[in-house]
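So that the names make sense, note that chain A is the first sequence line, chain B the second, and so on, each numbered from 1.
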Amino acid sequence: MRDLQHFDVSGALLDWYDRHAREMPWRVGPAARAAGTRPDPYRVWLSEVMLQQTTVAAVRDYFHRFTTRWPTVAALAAAPDEAVMGEWAGLGYYARARNLLKCARAVSEEHGGQFPDSYEGLIALPGIGPYTAAAIAAIAFDRAETVLDGNVERVMARLHDVQEPLPGVKPVLKEHAAAITPAKRPGDHAQAMMDLGATICTPRSPACGICPLRPPCLARQRGTVADLPRKSPKKPKPIRHGHVYLAQHSDGGWLMERRPDKGLLGGMLGWPGSDWSEAPEPSPPFEAQWRELPAEVRHTFTHFHLILRIHTAPLEVDTAPEGLVIIDKHAFRPSDLPTVMRKAFDLWRGQ
DNA sequence: TATACGTGGTG
DNA sequence: TCACCAAGTAT
């Protein structure tokens with residue numbers, strides 16, 4: 001058994017990555033990268049933002065649709081806000097989509113259409129934080145930046161048997177990660193760390209038997225793998241209630257609202273309704289004989305459970321009440337809605 | 001430092 | 001069924 005001090009962690013990791021790298025639409029694999037192919041910074045940036053707190057499986061189709069519709073950062077910068085929000089619908093964390101547009105426009109208007117090639121330049125852009133700045137700098141620009149995401153945190157916590165809980169111990173894990181960040185192939189190293197965390201050093205049932213870092217792994221030696229990384233206890237999620245109102249005109253148009261940019265589902269299209277609280281007051285957008293559907297929407301957000309009651313009535317007027325909009329029958333696409341709003345529509349459709 | 005911010009898959 | 005989890009950021 002070789003001591004961690006004398007084990008070439010990054011070398012072992014890169015050897016493993018050369019043989020087992022996952023193929024992804026935004027990735028230039030290790031063989032092509034060695035042959036000189038450079039990844040497109042636009043595609044690296046777009047994928048990294050989509051992958052924030054989001055699984056690879058969920059991102060694939062969205063990435064394909066975005067890059068087909070907007071192949072360059074200039075094309076994205078020129079897109080209408082509503083089009084981008086509609087394409088992002090269902091992916092969650094909608095501040096990412098608003099910041100995506102801000103960032104694309106900043107790159108187009110303030111950086112001559114080229115992404116900054118350094119951590120400092122990247123982190124100054126909207127929606128790009130410490131992780132994403134390091135990831136783009138390393139993967140797209142060969143900068144020896146240290147990438148610290150949930151995967152790397154888990155791998156480092158286990159490799160060094162770090163018992164202190166996240167998020168407090170994050171700086172320690174960052175130092176461990178920085179100590180093995182190589183000057184050569186930093187982008188492949190970063191992607192290798194994340195692939196290892198996603199496929200071998202997984203949160204549950206890790207495949208230690210085939211792990212390239214098994215020899216030096218302290219948690220493996222001490223039997224603490226399943227306990228790491230430790231995390232501070234989470235708060236319980238309260239249950240909130242709400243009412244939404246689906247009103248359709250005889251011509252097929254729908255009464256809807258464009259939600260304000262700040263806050264939950266910011267910038268997204270949705271059904272008008274009450275606030276979401278312990279006991280909300282019903283708040284129909286106009287006087288009518290509202291009929292309540294017999295079923296409810298149940299949906300869980302990051303920090304609360306929601307139960308929505310659905311009300312319907314015919315829309316008899318041609319102009320929307322203050323603050324609302326009428327979406328024409330042909331412009332209405334359920335796929336433009338955030339999932340919780342699409343669930344309400346699905347209930348109406350299945351009534 | 002703590003909280004707000006989505007969604008779908010998984011055991 | 002349900003808590004946990006996924007390539008985090010903004011405030």
Q) How far does the P atom of B:dT10 sit from the matching atom of C:dA7, given to the nearest Å? A) 14 Å
Q: Output yes when at least one side-chain N/O atom of A:Tyr93 is less than 4.0 Å from OP1 or OP2 of C:dA10, else no.
A: no
Closest non-hydrogen atoms of A:Met268 and A:Asp336, given as atom of the first, atom of the second and distance, are CE-O, 3.8 Å
At 4.0 Å (heavy atoms only), tell me whether A:Met341 reaches a base, stays on the sugar-phosphate, or touches nothing. nothing
A:Leu91 and A:Tyr62 have their tightest heavy-atom pair at N-OH, 3.4 Å
- Query: Can the ring centres of A:Phe66 and A:Trp26 be said to be less than 6.0 Å apart?
  - Reply: no
Note: for A:Ile128 and A:Asp195 on DNA chain C, the residue whose nearest nucleotide lies more 5' is A:Asp195
On a heavy-atom basis, the closest approach of A:Ala79 and A:Val84 is CB-CG2, 3.8 Å
Winner on side-chain proximity to A:Pro203, out of B:dA4, C:dC5, C:dA7, is C:dC5
Looking only at side chains, do A:Asp328 and A:His330 share a donor and an acceptor under 3.5 Å apart? no
Sorted by position of nearest nucleotide on DNA chain B, 5' first, the leading residue of A:Gly168 and A:Val340 is A:Gly168
Practice item. For nucleotides B:dG6 and C:dT1, find the distance between their P atoms and express it as a whole number of Å. Key: 25 Å
Between CH2 of A:Trp276 and P of B:dA4 the distance, given in whole Å, is 15 Å
| said: Is the terminal nitrogen or CZ of A:Arg342 (NZ for Lys, CZ for Arg) located under 6.0 angstrom from the six-membered ring centre of A:Phe345 and within 45° of that ring's axis? | reply: no
Atom NE2 of A:His305 and atom C1' of B:dG6 are separated, to the nearest Å, by 14 Å
ask   = Would you say the base of B:dG6 and the side-chain of A:Thr302 have a donor-acceptor pair closer than 3.5 Å?
value = yes
Under a 4.0 Å heavy-atom cutoff, the residues of residues 258-274 of chain A touching DNA chain B are A:Gly263, A:Leu264, A:Leu265
> Within the structure shown, what part of the strands sits under 4.0 Å from A:Val59 by heavy-atom distance: base, sugar-phosphate, or nothing?
Replying inline: nothing
Q. How is A:Trp26 classified with respect to the nucleic acid when contacts are heavy atoms under 4.0 Å: base, sugar-phosphate, or nothing?
A. base
Atom CG of A:Leu166 and atom P of C:dA6 are separated, to the nearest Å, by 10 Å
When A:Arg22 and A:Asn99 are each assigned the nearest nucleotide of DNA chain C, the 5'-most assignment goes to A:Arg22
Of B:dC5, C:dA7, B:dT3, the nucleotide closest to the side chain of A:His303 is B:dC5
Pick the P atom in C:dC4 and in B:dT3, then give their distance to the nearest Å.
16 Å
What protein N or O atoms touch nucleotides 9-11 of chain B N or O atoms at under 3.5 angstrom, if any, and at what distances?
none

Looking at C:dA3, I'd like to know if its phosphate oxygens (OP1 or OP2) sit under 4.0 Å from a side-chain N or O belonging to A:Lys231. no
Atom CD of A:Glu153 and atom P of C:dA7 are separated, to the nearest Å, by 10 Å
Which of C:dG8, B:dT7, C:dA6 is nearest the side chain of A:Asn151? It is C:dA6
- Flag yes if more than 12 heavy atoms outside A:Lys237 fall under 6.0 Å of its NZ atom; otherwise flag no. yes
* Asked: Do A:Arg96 and A:Gln52 meet the criterion of a side-chain donor-acceptor pair at a distance under 3.5 Å?
  -> no
Rounded to whole Å, the CD-C1' distance (A:Gln53 to B:dG6) equals 10 Å
**Message:** On the nucleotide C:dA7, are OP1 or OP2 found under 4.0 Å from the side-chain N or O atoms that A:Arg27 carries?
**Reply:** no
Pick base, sugar-phosphate or nothing for A:Pro167, based on heavy-atom distances below 4.0 Å to the nucleic acid.
nothing
Rounded to whole Å, the CG-P distance (A:Asp61 to B:dG8) equals 13 Å
Looking at A:Thr54 and B:dG6, is any side-chain donor or acceptor paired with a base atom of the opposite kind under 3.5 Å? yes
On DNA chain B, more 5' by nearest nucleotide between A:Lys235 and A:Arg98 is A:Lys235
**Prompt:** Using the benzene-type ring in the case of Trp, are the ring centres of A:His303 and A:Phe301 under 6.0 Å apart?
**Reply:** no
Which is true for A:Thr339 with a 4.0 Å heavy-atom rule: it touches a base, it touches only sugar-phosphate, or it touches nothing? sugar-phosphate
A:Lys237 atom NZ is separated from B:dT7 atom P, nearest whole Å, by 12 Å
Between A:Tyr245 and A:Gly273 the two heavy atoms that sit nearest each other are CD1-CA, 3.7 Å
A:Lys102 NZ to C:dT9 P, in whole Å, measures 15 Å
Heavy atoms of A:Phe141 and A:Pro116 approach each other most closely as CE1-O, 3.2 Å
Practice item. Output yes when at least one side-chain N/O atom of A:Thr300 is less than 4.0 Å from OP1 or OP2 of C:dC2, else no. Key: no
Would a line drawn from the ring center of A:Trp271 to the ring center of A:Trp348 be shorter than 6.0 Å?
no
